[in-house]
Number of protein chains: 2
Amino acid sequence: MDKILRIDVGAPGGPAAKTEALGTYAGLGGRAMTSTMVAKEVPPSCHPLGGANKLVIAPGMLSGSAAAISGRISVGCKSPLTGGIKEANSGGQGAQVMGRLGYAAIVLEGKPADDRLYKIIVNKDGVTIEPADELKGLGNYATVEKLAAKYGNKVACITIGQAGEMKMSAASVAFTDVEQRPTRHAGRGGVGAVMGAKGIKAIVLDDAGMKMRQPADPEKFKAANKAFAEGLRKHPVTGEGLPAFGTNVLTNVVNEAGGYPTNNFKTGQFEGASKISGETQAALENERGGEGSATHGCHRGCVIRCSGTFYDKDGNFVTKQPEYETVWAHGGNCGIDDLDVIAQLDRMDDDFGLDTIEMGATIGVAMDAGLASFGDGQAAIKLLQEVGDGTPLGRILGNGAAVTGQVFGVERVPVVKRQSMPAYDPRAVQGIGVTYATTTMGADHTAGYAVATNLLGVGGSVDALKPEGQVELSRNLQIATAAIDSSGMCLFIAFAILDQAETFQALMDTISGFLGKPFTADDWGTLGKSVIDNELAFNKAAGFTAKDDRLPDYFKNEALAPHNVTFGVTDEELDTVFNW
Amino acid sequence: MDKILRIDVGAPGGPAAKTEALGTYAGLGGRAMTSTMVAKEVPPSCHPLGGANKLVIAPGMLSGSAAAISGRISVGCKSPLTGGIKEANSGGQGAQVMGRLGYAAIVLEGKPADDRLYKIIVNKDGVTIEPADELKGLGNYATVEKLAAKYGNKVACITIGQAGEMKMSAASVAFTDVEQRPTRHAGRGGVGAVMGAKGIKAIVLDDAGMKMRQPADPEKFKAANKAFAEGLRKHPVTGEGLPAFGTNVLTNVVNEAGGYPTNNFKTGQFEGASKISGETQAALENERGGEGSATHGCHRGCVIRCSGTFYDKDGNFVTKQPEYETVWAHGGNCGIDDLDVIAQLDRMDDDFGLDTIEMGATIGVAMDAGLASFGDGQAAIKLLQEVGDGTPLGRILGNGAAVTGQVFGVERVPVVKRQSMPAYDPRAVQGIGVTYATTTMGADHTAGYAVATNLLGVGGSVDALKPEGQVELSRNLQIATAAIDSSGMCLFIAFAILDQAETFQALMDTISGFLGKPFTADDWGTLGKSVIDNELAFNKAAGFTAKDDRLPDYFKNEALAPHNVTFGVTDEELDTVFNW
């Protein structure tokens, strides 16, 4: 990863590629790369869909190497949804393949001369760019199918569906998984709309003939990497819970804790939770045959393997096993307790190229607006189809919950910085409320997953229902997460490195072995803070203030059943999260 | 005006009225009343459509007295469009009648228990509140017709149309004029949506049996008021231009200056301008008979009399003579050069209860999105009808240009603080650009009408195409305007008081005579500054920063024909506007 690929989409005659040295970006990966580059090169006041914005795609620091579970990739830009800086993180094959191709970043920049779509093909011989007229208007599945037919079944694809072409603020960038399906998404904040605004439909990465990235200190790296992987395998969450049931193992846990946002964040427990839990999902999958509830990795080199496959009752592939947040978004948040409906909605999101969290939250708001009844799965499918079809109603929904709330005059809209809250009610899981409120990203559970310590007993224990200790918890998690997102590691390693000092040390040693120089816990913390500092500076220059680091008032005024609790962390406390 | 009427719309059993003394609000009128009360009583972080927001309706300090042209009324709240404080100002009969009824403010507060609509009737005997089921879904014209049938043809009505009921961010509050037609609107910022969110369809003001408000020093007041009215009559703008052609006298002036935003702010001159100018409009009206181009006041006591009436070719009433900004919004900004089409759009806006500026700018953005062609009047009518019908597309458009731009992925959206720019391109009229950028209201020409000094030679002369002197000009005009908006005077008095020192002094003496105590130019300036200070404090607490005091980047990057000029006032200069 010694070079950067820049595509000037506005070059005369169509997009032009230029490869350059890393320069000041040397050593950066993932979120550190995207956020540093966006903060440095994108004017904070620019229009997210305009020529001044850039879409930066960057594999993690260790991606493309033999480091366990290092296949995460970051997509950064100024967000069309939040108006602030954005890093959306994805699994899939993109990171490893791009790392092996040697690119630390692919940057889409400039303004297309016309509405034509293009595809970019990167392989060992270099970069070619071709018109992609044949892909116009296609969903991600059909797009990838056409690309596979032409470029083979080994390439990794980075694509947008109809939502990205329509520049919707909920549009994602899709990455193909190990089975070459577009099931992994840089979902949040409308990064797909920026790719669409650049007129790029697909990036095809072909690493044939390329080698794995080699560590500078192979012996140290190998030993540390082995200890790290062992640490992941022995932790109950990463070694048992996630492999057994996937992320949906959380449904029962969060619902029992009374923090499961139901019917557009009206109560904290969902009557139908047991019908859509990970346990029920696994039983259903086993009943339907195929590989049943067996899980596998979303990218080569994963040792947690929390991905699964969802088949319909006739044994036909529908989608990857929907993640917990997706099951919640299209399930409990909309009062829907039917796994087949949820899987179909997940498939549609993946195909249109939409953030499942934003879409579930949006349909919840639309239900509050009276467009459908809570619990009506077929109505939800119909609403989502409108998005893919680009009808006026679909355009509204595809631009997320904040727009939908405004357009239909709904007051209760669960967003921070105009981005929808995920699957944990901040009143009953107050630590995640601090993260939602303060992260540079807009409401985002992955930015500092306090659920771990609030509900799962990982990394210690902080009472989920009380404000005490939540700021410090969120702060530390946000720092660690920014570092993880830069390393290329999957966020799920956090469970093990929080609880097992030796696993954390093994990670430091893995990085050190790869770089061939010391890398300590202090370096790790410094990395995380520096990433967030860059993001804070961008957001400040874009006009964000402490007033944007707030939950909507109703989380402070409306008590959540069953614990009858409101969000209790004060504004003054929130304002100390980034004091370091 | 010695009392405040508060309506708790969430009281058990339906809205309840309470009359209270002025207390700390004594002496305030118009914008000073609305902005002071909103800043003091509305939490800046609240949802604009929620129970914590308040809608404050306040006649000016002199409204209801014999003071010439003192019939303006202010409607204030937290704006659903901008998220900041809002004062939308209207003519019509409301101010004078409400003043004579003795209410310095009517405040709608709280949260309705259900979706039922109510009407409030205020007369000499007090206040009654009744269900308004029979008015549900009606436009302003039909609403007023029904109210007149019941309450007589002398009452003043304050109403919302379908847009307000649907809580659209472009919804206005309508005030009936001298002919009891709902042609005068507190248009900007979605104040009608807040009235709709309070479940109040209409306020009927009946001043039968009430007397004119009396000055404390009748002799001084009478003499000063006479001199003031004479000053208005002798100034060329207020004494000749406006009475002869109405505000549309500006079309040719602004177009010739190259500052007439055409086809969604793409060029500064419109080919069809002469077809829709005030002069052409007057000729058309004379040709069609009736009172022809004769003008009259929008409220009793007006001495400028810039209102007119627009009839169709068969002599049927269509609407009031469309104002310049309306003719621009639905005309040149959409490439439309047909006065009949423009009048029909104006009538539809008035009936649905929509801000004509926001709607014209929105349709311009929609045309850029490809929903219709520039110049296609019938398509514009169809789009606007969708708003009244509340279709999904109509819901998008009815929420303004910023939402429409986001929903359809349009980059060039002419808004500041999410409110659409009016009829003067800030590149060719740089003084108004300073006002658009910095006023607390979002892009608003009336907040500091630098066009006067940039293009009309009123109040001195500052080169419209250059940044020099614009900040000071806008600052002084914004202060004076905040004072005028508090006095109840029509903003058009500014032409005369800027140019004629004796007319300005006559205004001070009129106020002094009314109050029975000294009122000086210093008091006037202090009043204006204090209003703006309150507004700035609210907006700051709501999260606004200097970054919100900016024009969209393209006004700085795209040169405007024919003068090939970009907006040249620097950010640093903009940040000094409120240094006093």
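The figures here come from the full heavy-atom set of this structure, side chains too, leaving out hydrogens, waters and symmetry mates. In what follows, chains are A, B, ... by sequence order, proteins preceding strands, each numbered from 1.
Put simply, the side chain of B:Lys547 does not reach to within 4.5 Å of the side chain of A:Lys540, judged on heavy atoms. Side-chain contact between A:Thr391 and B:Pro392: absent, with no pair of heavy atoms (C-beta onward) separated by less than 4.5 Å.
Heavy atoms closer than 4.5 Å to chain A are found in the side chain of B:Asp553, but not in its backbone. If you measure heavy-atom distances from B:Tyr554 to chain A, you find no contacts under 4.5 Å at all. For a residue to count as touching a neighbouring chain, one of its non-hydrogen atoms must lie under 4.5 Å from one of that chain's; by this rule B:Lys556 does not touch chain A. In this structure, no portion of B:Arg550 lies under 4.5 Å from any heavy atom of chain A. Only the backbone of B:Ala542 comes within less than 4.5 Å of a heavy atom in chain A; its side chain stays farther off. Of the atoms belonging to B:Val403, it is side-chain heavy atoms, and not backbone ones, that fall under 4.5 Å from chain A.
More than 12 non-hydrogen atoms from other residues, nucleotides or ligands lie less than 6.0 angstrom from NZ of A:Lys136.
Contacts with chain A were tallied for B:Asp548, B:Leu371, B:Leu393; B:Leu393 has the most, counting heavy-atom pairs under 4.5 Å.
B:Leu49 and A:Glu411 make their closest contact through O-OE1, 4.1 Å (heavy atoms, listed as atom of the first residue, atom of the second, distance).
Scanning residues 162-171 of chain A against chain B with a 4.5 Å heavy-atom cutoff picks out A:Lys167, A:Ser169, ordered by number.
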(request) Please assess A:Arg418 against B:Gln406 for the test side chain to side chain contact (heavy atoms under 4.5 Å, CB included), listing each intermediate value before the final yes or no. (result) CA-CA 13 Å; A:Arg418 300 177 71 82; B:Gln406 182 175 356; 3.7 Å; yes
